[in-house]
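To find a chain, count down the sequence lines: A is the first, B the second, and so on, and within it residues start at 1.
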Amino acid sequence: MIYKGKQKIWSDYQKEIPDDHWFYARSCIRQNFFPASEKYFLEIGRNVLGRDICDTEHHTTCGGIAYHSDVIPQETAMTIVARQFALMTEMGYRNLVASCITSFGNYTEILETWREFPELEARIREHLWKSCRREFEKPEYLAHASDLMYKWRNDIAERAQYRLVNKDTGEPLDIVEHIGCHYSKMFPHKGVGGAEYPCVLSGMVESWGGRIVDYPERRHCCGFGFRQYLVKANRGYSVSNTYKKFESMEPFHPDGIITNCPGCPYFLDRWQYVIAEQTGKTYGRDGFGIPVFTYEELAGLVLGINPWDLGLQLHQTAVEPLLDKMGVAYVPADKYLGLNREDLLRPELPSVLKCF
Amino acid sequence: MKERFATGFDPFVIPFLIGMGFVLAYCAYGILRILFQLSREDRRRFLLSLVTPATALKNIWDIFCNCLLHVKLWKRNRLLGFMHSSIAFGWFMLILLGHVETVLFVPHRINLFYYPIFFNYFVAETDATLRGAALFFLMDFFLLLILVGIALAIIKRVRSRWFGMRRTTRPSFLDTIGLYSLWAIFPLRLLAESFTAHISGGSFLTIPMNWIFRQFFGNNLYMLPCWWAYSIALCVFMCVLPFTRYMHIPAEMMLIPLRNAGLRIRHPRKGFARVEVLSCPGCGVCIDACPMSADKANLKDCTVYLNRQIRRGNERRIREISDKCLLCGKCEELCQVGVEGPALRIAQREMRQYAVEPDYAAVDMAALREAASGSKVLYFAGCMTQLTPAVGKAFESLMHKAGVAYTWMDREGGLCCGRPMLVAGRRDAAQKLIDRNTELILSSGADTLVLSCPICYRIFTEAYHLPGVRVVHYSRYLQGLVLLGRLKLEKSDICYVYHDPCELGRGCGIYAEPRKLLGQAAMIAEAPQTKGESICCGGSLGSISLDFAAREAITRHALENLYASHADAIATACPLCLATFSRYANRPVRDLAEIIDRSSV
Amino acid sequence: MKEKVLIIGGGIAGMEAARQLQALGCSPLLVEKEHGLGGHVARWHKLFPDMLSAESLVTELEAGLSGVTVYRHTEVKSINRLKDSYSVKLSNGENLVVRAVLLATGFRLFEAAKKEEYGYGVYDHVVTNADLEAWMNGFPDERMPEAPRAVGFVHCVGSRDIKAGNSQCSKVCCMTAVKQAIEMRERYPQAEVYCFYMDLRLFGKKYEDFYIGAQRDFGIHFIRGRVSEVGETIDGRVQVKAEDTLLGKPVKVILDLLVLMSGMVCNPSASALAPQLRLEIDSDGFLRSRDNVAGILESGRPGIFYAGACTGTKTVPETLAEARAAALRIYQYLQA
Amino acid sequence: MKDFGFTLSPSSAVSLDKVDSRLWHKLLETSPDAAVCISCGSCSASCPAARWSGMSIRKVLLALQRGQSVAPMLSCCMLCGKCTMVCPRGINTRKLILALCRICEKP
């Protein structure tokens with residue numbers, strides 16, 4: 001791997017990201033899968049770094065899942081998105097940051113479509129007006145939450161309690177980055193580092209002391225693929241895709257996976273259990289899997305936030321191996337205690353994949 | 001005539017006795033082995049034919065004509081015929097006359113095996129030998145005949161072209177020994193009889209030589225060594241005979257009765273095939289006959305070498321030669337002995353084992369049945385005709401002109417006739433195709449099946465059983481329409497040379513009909529090598545291993561023969577010949593149907 | 001007095017045209033921006049179809065330049081039209097007045113790094129056709145593996161690719177790939193060689209023979225399918241993914257070396273000169289000829305002529321033939 | 001094994017460096033011209049057996065090189081020779097089919 005070559009490509013795909021004043025559009029599914037991620041994005045942004053981020057309970061889904069599942073037409077999706085823009089405008093913001101990769105892709109695609117077909121934008125304005133009497137300004141800047149985190153990566157590194165370094169050997173941890181497909185594959189120039197070698201996550205990992213693993217199936221989809229997972233008959237394809245990725249990264253023995261999409265960490269995490277049950281194979285050491293994190297979770301860990309406050313107990317694949325390598329202080333007994341220290345009960349453990 | 005020795009014996013006859021004993025024992029064993037190898041039914045048929053007077057007489061007649069007089073060879077090449085028959089017939093007469101002499105003059109010695117052979121040594125001339133004089137004359141005459149034959153043979157070995165043979169086989173080591181011993185036998189006999197002639201008497205050849213010899217040598221010292229040498233030469237020849245091409249002499253005498261009994265090749269190596277292989281005299285006529293000889297690379301792939309390799313058991317070469325052959329049948333046509341080169345090769349191909357067995361269960365028979373039904377006359381164009389649409393189109397136009405209602409059963413593609421599978425040695429697969437086609441034809445309700453492709457026509461006539469259906473080649477069928485007046489032909493002034501397709505001519509014996517039909521539509525010229533000796537176009541499906549590039553020389557060679565007729569265009573009656581010739585020909589190549597269609601009004 | 005003709009570009013087209021003009025009694029002035037003459041061909045190793053040494057061709061052409069004024073390391077700063085001639089300012093400060101100008105600016109190889117998915121400049125063992133030729137010419141290249149077991153060639157890198165900005169076929173790359181595949185197989189007989197192609201466009205004399213030879217004698221695997229993406233394995237080898245469109249299945253293969261057949265795009269120097277001379281640029285980015293049948297050498301402007309790859313992708317023999325034709329055309333123009 | 005109602009599906013991708021091409025190389029020993037196929041498809045287009053079996057020499061040759069099974073296609077061949085006639089590269093397809101029928105493993 002020629003690092004200089006990558007740097008050259010990264011320099012070609014720089015993206016302007018304003019530092020402050022963002023309207024935050026949450027994801028539909030992340031709050032269920034990784035409930036603390038969005039919370040800690042706001043925590044870190046507002047409280048640690050002192051940025052202004054607007055979070056409103058009035059916004060809805062962006063329609064991305066329905067759109068990519070061929071359930072709603074594009075115009076419907078556009079009108080939903082127009083309403084989000086209207087909320088942003090009404091709240092007095094000009095920059096929109098999406099928590100979800102598919103939302104980000106959706107917003108990007110819609111803005112690009114409107115740029116190419118202004119008459120469509122006019123029609124959507126009309127739709128929005130007819131349906132809810134709202135008007136909107138298009139966001140001046142559109143970013144994904146990971147773009148912001150990428151921008152803040154050095155600020156976070158300055159405040160780091162832990163680094164992505166093996167505390168025993170001092171070696172950087174080997175981290176696999178997995179970028180959501182809708183981040184930059186459709187519009188390479190809208191992503192930090194482009195589509196082929198995006199550096200949005202690798203930049204964070206490197207700032208926080210880790211080392212990026214570049215494996216052959218790096219670009220491959222996590223396997224979600226919307227219809228691949230949502231239609232049960234197709235789920236075999238979904239898990240096969242994930243399997244292909246793990247087979248490809250296996251020789252590199254990664255210590256963890258960092259992702260920036262709602263679906264990816266979910267499938268990379270949960271399918272490890274399914275693969276283990278179906279093939280008896282696990283990819284970490286000693287029967288463990290490879291722990292999978294959202295970038296917010298990893299940022300939280302680096303900043304010294306309690307792993308159980310970050311919601312890491314909701315991961316199927318045990319995160320403890322990475323916590324131990326980083327030397328993160330945690331109380332194993334607290335894993336299944338709720339916020340009010342109420343006992344959440346222990347889940348049934350899988351038969352093959354090792355978990356705590 | 002009186003005996004010179006009371007014992008009637010001399011040690012010099014021992015070599016002869018050894019050789020004779022060996023060869024007789026070998027042949028007896030060989031005959032028993034062959035009989036044993038024949039199937040029970042074939043054996044019964046053969047033995048029965050031997051005692052059936054008609055076949056027995058035919059056997060004797062055929063052996064006399066072919067083995068001694070070489071009638072077939074005479075017809076083809078008088079010089080070669082004379083050479084072979086002078087040696088074979090002359091030698092036979094020497095043996096016969098020797099026995100006659102023995103019976104006449106020393107009847108009590110007839111039971112001695114060697115006596116008639118060395119008669120002159122054992123007898124002395126008396127005064128009253130008028131009867132003997134005639135016999136002595138005949139003996140000298142036939143010896144002279146043989147010597148002329150031997151002289152020709154020696155010349156032929158050096159200058160085979162003088163005998164009309166461009167190429168001849170290279171004898172093996174043992175063949176050479178056999179050849180030299182054979183050449184030696186008769187001059188030695190002449191010497192021996194000449195040295196003995198003042199005692200035993202002689203005639204126009206031996207007496208003067210005896211006189212000359214006595215002028216130089218003066219005594220009887222050389223007499224006995226010459227008889228020894230003669231006997232040894234005979235011994236050597238007979239001892240090597242089973243291992244040389246001269247085995248064809250006894251083998252052919254076996255082949256003729258077997259063939260007359262109606263036997264066919266059933267096993268690639270045993271029984272009938274074995275006799276055919278042994279009957280090959282190695283004359284090499286098939287080398288020049290073989291169309292593949294146009295390319296030097298294939299010179300060792302004709303039937304004579306197949307026979308030789310089968311005798312040697314060289315499996316690699318047997319496979320190579322068998323797979324390469326175009327199966328045009330010209331070697332068989334010209335073979336003096338009647339070795340069936342193509343059948344022998346197909347039998348070798350049948351030995352091959354295949355892991356993938358053909359399976360035609362998926363064939364949509366209902367659709368094919370539908371396509372075949374509708375009229376009394378069926379036309380089966382065959383696979384190849386799909387690539388030469390002019391043939392089918394011309395036939396269709398002729399049928400339209402003649403007002404014949406017919407069904408083109410494989411217009412949209414059909415099943416293969418099975419001939420390509422059959423010649424590839426996959427008889428079972430071919431049978432599956434034959435069965436399916438038979439079902440299609442019989443269920444169609446037609447009473448006439450017209451074929452334009454000779455490959456199909458051959459297997460339809462040889463291997464199909466279609467009761468109530470007249471299988472007819474289109475040349476004959478169209479001729480019928482002309483005779484009925486339903487087709488009217490106007491003769492054009494284009495001169496065609498008709499190329500006999502192998503499968504139609506040599507394969508089915510159809511030579512006259514296409515010419516007759518063509519003659520009504522155009523002028524005809526004949527190529528130097530024509531009819532039975534027509535040269536394969538090189539496109540034959542018979543060859544498995546000949547690649548495209550290797551076939552070009554063959555095609556060009558065949559074309560040269562056709563060009564020599566100075567015709568304006570080439571006519572043929574086979575889609576494969578048509579396609580193959582068209583590729584390289586410098587003048588138009590047309591199918592018979594096309595020409596007839598152009599000339600019909 | 002001899003008529004002066006400015007030839008821009010000291011590649012094979014420029015050299016051949018200069019030689020011919022000199023022989024016709026004109027005074028050619030050859031301007032080359034680099035030190036060495038011969039352009040791309042000078043960096044090439046062997047030329048198909050006869051495997052002629054590129055060096056010998058350039059040497060031969062250079063030998064024909066005696067008496068020709070050659071400006072090395074020199075670029076044309078500006079050109080202005082006078083009444084029936086052109087005033088030219090060179091980067092070395094000289095000012096020339098010439099009767100005619102021949103553009104022999106040639107082409108530039110497509111920047112393979114633009115096709116990011118192929119990882120040129122990122123992966124350790126990805127090179128271009130030009131890199132391979134240079135290596136064959138003896139220039140060491142650390143990207144070249146020691147004893148490769150598998151080598152792949154990607155045809156049409158930056159050619160017939162609207163997204164790469166080039167819709168045209170570069171025409172020589174197919175044959176170059178077949179040639180280089182054979183050369184690699186000759187050097188490393190134990191290596192499997194794969195060619196990933198969209199269409200094989202082997203149009204020239206003897207090209208098909210090369211193809212047959214590559215298939216039959218060298219056992220080179222031709223896979224009809226464009227490489228979709230390239231990754232690097234843990235041992236630094238290259239994993240290539242494509243679809244075998246004839247088989248209808250995705251294929252992947254791990255290679256020790258991947259060679260990208262970079263296509264031809266118009267030389268930027270030509271594009272820079274074009275506005276000054278009011279020359280038109282064609283839809284493929286090359287200079288537009290008067291027409292593409294009988295007027296390829298004509299620019300449509302008096303006294304300005306084209307030769308070689310500045311008007312489109314050309315083979316070496318085509319370029320040489322055009323150079324000769326252009327010399328004759330200029331001679332006629334000067335006579336008139 | 002737990003039943004999830006779905007399972008890992010095998011990858012359809014062919015790994016070129018891992019294919020079992022023994023049969024292909026064995027074929028090349030006797031029929032080196034098999035290598036010059038350009039997949040033009042005239043063999044398949046003219047094949048009378050194709051309509052019942054999907055027989056295609058083009059596919060057979062390609063499948064062999066990619067380690068896929070070919071026997072089912074071969075079993076419907078009637079050896080008529082049309083493919084040999086139309087092949088622009090002069091490949092002796094009949095020889096090749098016979099050789100394959102011999103060396104193939106039993107389907």
**OP:** Look up atom CG in D:Leu62 and atom CZ in C:Arg224, then write down how far apart they are to the nearest 0.5 Å.
**Re:**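 If I round to the nearest 0.5 Å, the distance is 11.5 Å.
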Chain D contacts: which residues in [range] have a non-hydrogen atom closer than 4.5 Å to it?
range                       : answer
residues 128-156 of chain C : none
residues 240-264 of chain C : C:Asp244, C:Leu246, C:Leu247, C:Lys249, C:Pro250, C:Val251, C:Lys252, C:Val253, C:Ile254
residues 186-217 of chain C : C:Tyr194, C:Phe196, C:Glu208, C:Tyr211, C:Ile212, C:Gln215, C:Arg216

**OP:** Kindly write out the residues that satisfy salt bridge (charged side-chain N to carboxylate O under 4.0 Å, His left out) with D:Arg22, not counting sequence neighbours, or none if the list is empty.
**Re:**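 For D:Arg22 the salt bridge (charged side-chain N to carboxylate O under 4.0 Å, His left out) partners, ignoring immediate neighbours, are D:Asp20.
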Original post:
Counting heavy-atom pairs under 4.5 Å to chain C, which of D:Gln65, D:Lys18, D:Lys59, D:Arg58 comes out on top?
Top reply: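 Between D:Gln65, D:Lys18, D:Lys59, D:Arg58, the count favours D:Arg58.
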